[in-house]
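Following: one structure in structure tokens, then a few remarks.
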Amino acid sequence: MNEIQTTDTIAGMPTVFALECQNLSKRFGTIQALEDVSLQVPTGSIFGFLGPNGAGKSTLIRVIAGLIRSDSGHFSIFDRSSDLGYRVRQNMSTLVDRADFYKNLSAFQNMKILGRLTGHDDEDRINGLLELLGLYKRRKDKVKNFSQGMKQRLGLAQALLPDPKLLVLDEPTTGLDPQGMHEIRDFIVKIAAEQKVTIFLSSHLLHEVELICSDIALIFNGKLAAQGSMATMFSEMEHVTVELEVEDSQKTLKFLESSKLVSDVKQLANAISIEVLHGNIPELVREMTARQINFYSLSQRNRLENFFLSQMDKQ
Amino acid sequence: MILLKLTQNELYKIFSLIRSYIGVVLFTIIVPLILWGYGMGTSHIEGQIENAVSDMFFVEGSPTNGYTAAYFIMNFFWVHIPFLIALVGGDIFAGEQANGTFRIYATRPISRLSIFVSKTLATMIYTLLFVIYFGLLTLGLGLVWHGGGDMLVFQDGVLILEGSDAMRRFIIAYGFSFMNMALVSAIAIFFSTMVRNAIGPVIGTMALIIFALMISTLPLDVFRGIQPYMFTTYFSNWEMVFYDPIPWADLFRGLGLIISNLVLFLGTAFIIFRRKDILS
């Protein structure tokens, strides 16, 4: 395994993590789905768990959720050890994969059934959550008549029923249209901020993770490749892709193509894209200003994608 | 308390499924139909009975009544009911796997043992209600339709049971039938924990019952040694309740074997479910 990157966020945290995994391994026949995976999810973070399809993301989440048993290792949730069995999940809720419900029951009836499991079947609370997720008006409709987006929202509502401190979401935007994805993302950020819920989110959608996560971990072929705060990871990146929105693109292009600070200069539809060493960005800005190149914005693009690909190359 | 809530959930789920009512609807249609047909053919049946007993008894009134009708229907249906019972037991675990609902249900902080016990309890409650409904429909409707009276049982001669005695024996017979059907449910649950679709357990249960029935009824020497250990050998044990005297020792020996099998199937099912990785 590559050396695991740790960050100041993790190092600076108190010892209690929302989720802490130690040497989790799981094998399915000849496939090593997880190999000695150890990670820490800081309390209060929105933690992105990234990896390509089949990397082991869902396996890890299913181990934590109690759906499958690990071969070795253990984990703890807010210091409650997995040795406690099902009780370890006292402060945790999950939405694993696509949200599926009892199709012949209504949204409200589904919530009632799931609420009973943990003693959270108060009707006002159920209605409140359905209202929060925009499903109150459809609460009496059978779930079989729901779109996948509505099911995902109902999935989030049921996950919030037990008032969890840790919410584990496995590919929560799978199968949704762009509007549905946007709604779910907004909602995740909202509940993390308003209800102080730590979010552990698995995804292979890098853009999605980059938009909402504060911390990430990368997994490839069942092995953890890196973890830490997004800011620290990006600061450690050497080359970054930057997009410039400028007043005079021809003048800027001429300068950039002659500059030793940048490489891979591309003219895009409404911007110019360049590769630049992260540490050289201030100097680049100074040189452009000295040459009176006016720009409206300078933003790093695809940082996570670049980081992800660079880590993947190391495998 | 949690077990009560879980069982309540399971019953709610069972009774929200159309398949749970297939047997009920079927019997609601077919039992009155048989009772009607039985009524239409009573003169023929009475003639046969009178021929059989005329040298021993003088028959006054009708020997065919609600009791004989219910006995006739029970004799006919004990082979078919297991299929209808297995529809629910077979779906109880596999249905959740197939629909993906275990991904939510089984992630809550509740033990697999609680889930298993609640599902098993709910299935057994359904089985009990089914047998009670069957009893009420056959005996209750039979008595309303064809009246009461003495009951004639043909077993190594003719046994005449008074109405009140016949009623008591029917209740005991339904009790033994319930235990047999509980075993059918346990087998369906066993298969249900093994697969991810609801049809497989129903087919598996029926295949096992048919296989075991063949072994326990084939009059071949090679099978005689194992026939006393086959649960299907005791599936028609309820008939013994109408013997005189009632062979209690034989009945409870059979019941013991049924309960042993029930514990075996449920125990194995729990071990499978407890160790099962939920991947769908």
Side-chain angles (χ1 to χ4, degrees), chain A residues 26-28 33 58-59 61-71 77 80 84-106 109-121 142-144 151 154-159 161-162 164 168 170, chain B residues 1-22 87-88 91-119 121-122 193 196-198 270-280:
Chain A
K26 175 70 182 179
R27 174 180 280 275
F28 294 111
S58 291
T59 303
I61 283 181
R62 280 165 195 259
V63 167
I64 296 163
L67 294 176
I68 62 179
R69 295 147 66 98
S70 63
D71 298 331
I77 296 167
R80 292 172 78 96
L84 288 168
Y86 65 92
R87 292 181 195 87
V88 70
R89 301 192 294 276
Q90 208 76 52
N91 293 311
M92 185 191 88
S93 247
T94 53
L95 177 56
V96 180
D97 207 348
R98 208 180 56 229
D100 282 313
F101 292 92
Y102 303 103
K103 296 180 182 70
N104 52 328
L105 300 180
S106 70
Q109 288 168 326
N110 269 285
M111 291 283 278
K112 188 84 178 166
I113 278 183
L114 295 165
R116 272 198 206 113
L117 301 178
T118 47
H120 294 87
D121 56 341
K142 289 188 175 180
V143 171
K144 67 180 174 189
K151 284 185 200 167
L154 186 58
L156 282 172
Q158 66 77 27
L161 256 181
V168 176
D170 182 18
Chain B
M1 190 62 184
I2 183 71
L3 198 59
L4 194 71
K5 288 193 169 191
L6 289 176
T7 309
Q8 190 186 351
N9 267 358
E10 295 307 327
L11 286 170
Y12 195 84
K13 286 188 261 179
I14 286 175
F15 287 106
S16 69
L17 288 171
I18 290 172
R19 73 178 63 192
S20 307
Y21 299 97
I22 291 175
L87 285 176
V88 169
D91 185 64
I92 198 85
F93 287 93
E96 299 246 16
Q97 283 251 56
N99 293 329
T101 43
F102 256 148
R103 285 202 311 271
I104 290 177
Y105 203 79
T107 59
R108 291 292 203 260
I110 43 175
S111 67
R112 293 249 177 135
L113 176 64
S114 300
I115 294 175
F116 183 83
V117 171
S118 63
K119 284 186 174 291
L121 269 176
T193 55
R196 293 184 201 170
N197 68 79
F270 174 63
I271 291 168
I272 294 169
F273 178 62
R274 189 169 174 271
R275 299 179 62 84
K276 194 177 185 73
D277 285 343
I278 296 168
L279 300 169
S280 59

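Protein chains get the first letters and strands the later ones, always in sequence-line order, with residue 1 at the start of each.
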For B:Phe273, is the NZ or CZ atom of B:Arg112 found under 6.0 angstrom from the centre of its six-membered ring and inside 45 degrees of the ring axis?
yes
Enter the distance from B:Glu96:CD to B:Phe102:CZ here, rounded to the nearest 0.5 Å.
5.0 Å
By number, which residues in residues 13-21 of chain B have some heavy atom less than 4.5 Å away from chain A?
B:Lys13, B:Ser16, B:Leu17
Measure distances from A:Asp121 to the heavy atoms of chain B and classify the residue's part below 4.5 Å as side chain, backbone, both or neither.
side chain
Sidechain-backbone polar pair: A:Asp170 side chain, A:Ser58 backbone, donor-acceptor under 3.5 Å
no
Heavy-atom donor-acceptor pair, B:Asp91 side chain to B:Ala198 backbone, under 3.5 Å:
no
Could you check A:Arg69, A:Lys26, A:Arg62 and say which one makes a side chain to side chain donor-acceptor pair (under 3.5 Å) with B:Asp277?
A:Lys26
Identify the two heavy atoms, one from A:Ile64 and one from A:Ile77, that lie closest to each other, and give their separation to 0.1 Å.
CG2-CD1, 4.1 Å
Would the number of heavy atoms belonging to other residues, nucleotides or ligands and lying under 6.0 Å from NZ of A:Lys112 be above 12?
yes
Tell me, for B:Tyr105 versus chain A, whether the close heavy atoms (under 4.5 Å) come from the side chain, the backbone, both or neither.
both
For each of B:Lys5, B:Arg108, B:Met1, B:Lys276, tally heavy-atom pairs with chain A at distances under 4.5 Å, and name the one with the top tally.
B:Arg108
Can you tell which part of A:Leu114 gets under 4.5 Å to a heavy atom of chain B, answering side chain, backbone, both or neither?
both
Segment of B:Ile110 engaging chain A (4.5 angstrom heavy-atom cut-off)
both
Can you tell which part of A:Ser93 gets under 4.5 Å to a heavy atom of chain B, answering side chain, backbone, both or neither?
side chain
Taking all non-hydrogen atoms of both residues into account, name the closest pair between A:Thr94 and A:Gln158 and its distance.
O-NE2, 3.3 Å
Would A:Lys151 pass as a cation-pi partner of A:Phe101, given that its NZ or CZ must be under 6.0 Å from the six-membered ring centre and within 45 degrees of the axis?
no
Comparing B:Asn9, B:Ile104, B:Leu6, B:Ile2 against chain A, the one with the most heavy-atom pairs below 4.5 Å turns out to be B:Asn9
